[in-house]
Amino acid sequence: MMLATATAVENLRACRLGLGVSQSRLARLSRVSRFKICSYELGDRSLTSVEQLRISEALRAEAERLRNLSIQIDFGQPGPTAALEASGD
């Protein structure tokens, strides 16, 4: 088992939160228990190299999923070109 360093814990938490992933979701994605992830982030437990790999792969997959999202929001307002056309510019 590899011991948790403060930097490793901070990196995991920052990455997880940056992606908007809860500990529960990370547990489901990585197949590492939520209790183990929580305990690791508190500095109370360590993770095996297999668990670290699963968590890394899960976070990479989530980052990739988010990169591939297509964001199209319809606010029900005319777009900038429609506003320009209406103003005669």
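Because only heavy atoms are used, hydrogens play no part in the values below, and waters and symmetry mates are left out as well, while side chains stay in.
Residues passing the side chain to side chain donor-acceptor pair (under 3.5 Å) test with Arg25 are Glu62, sequence neighbours excluded. Scored by the side chain to side chain contact (heavy atoms under 4.5 Å, CB included) test, Leu53 finds Glu57 as partners (sequence neighbours excluded). Among residues two or more places apart in sequence or in another chain, the side chain to side chain donor-acceptor pair (under 3.5 Å) test is passed with Arg31 by none. Contacts of Asn68 classified as side chain to side chain donor-acceptor pair (under 3.5 Å), with partners at least two apart in sequence or in another chain: Glu64. Applying the salt bridge (charged side-chain N to carboxylate O under 4.0 Å, His left out) test to Arg13 and every residue at least two apart in sequence or in another chain returns Glu41. Applying the side chain to side chain contact (heavy atoms under 4.5 Å, CB included) criterion to Ala63, with sequence neighbours excluded, gives Leu19, Arg67.
Using a 4.5 Å heavy-atom threshold, the side chains of Ser30 and Ile37 count as touching. Between Leu26 and Val32 there is no side-chain heavy-atom pair separated by less than 4.5 Å.
Note: the hydrophobic cluster containing Leu12 also contains Leu66 (ILVMFWY, side chain heavy atoms under 4.5 Å, direct or indirect links). Transitive grouping of hydrophobic side chains (ILVMFWY, heavy atoms separated by less than 4.5 Å) keeps Leu29 and Leu69 in distinct clusters.
Among all heavy-atom pairs drawn from Ser46 and Glu51, the shortest one is O-OE1, 4.4 Å. Pairing each heavy atom of Leu47 with each of Ile55, the nearest pair is CD1-CD1, 3.7 Å.
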**Study point:** Steps toward side-chain contact (heavy atoms from CB on, under 4.5 Å) verdict (Arg45, Phe35)
**Key:** CA-CA 10 Å; Arg45 290 192 83 156; Phe35 177 77; 3.2 Å; yes
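Between the side chain of Arg16 and the backbone N or O of Val21 there is at least one donor-acceptor pair closer than 3.5 Å.
Within a 6.0 Å radius of CZ in Arg34, other residues, nucleotides and ligands contribute 12 heavy atoms or fewer.
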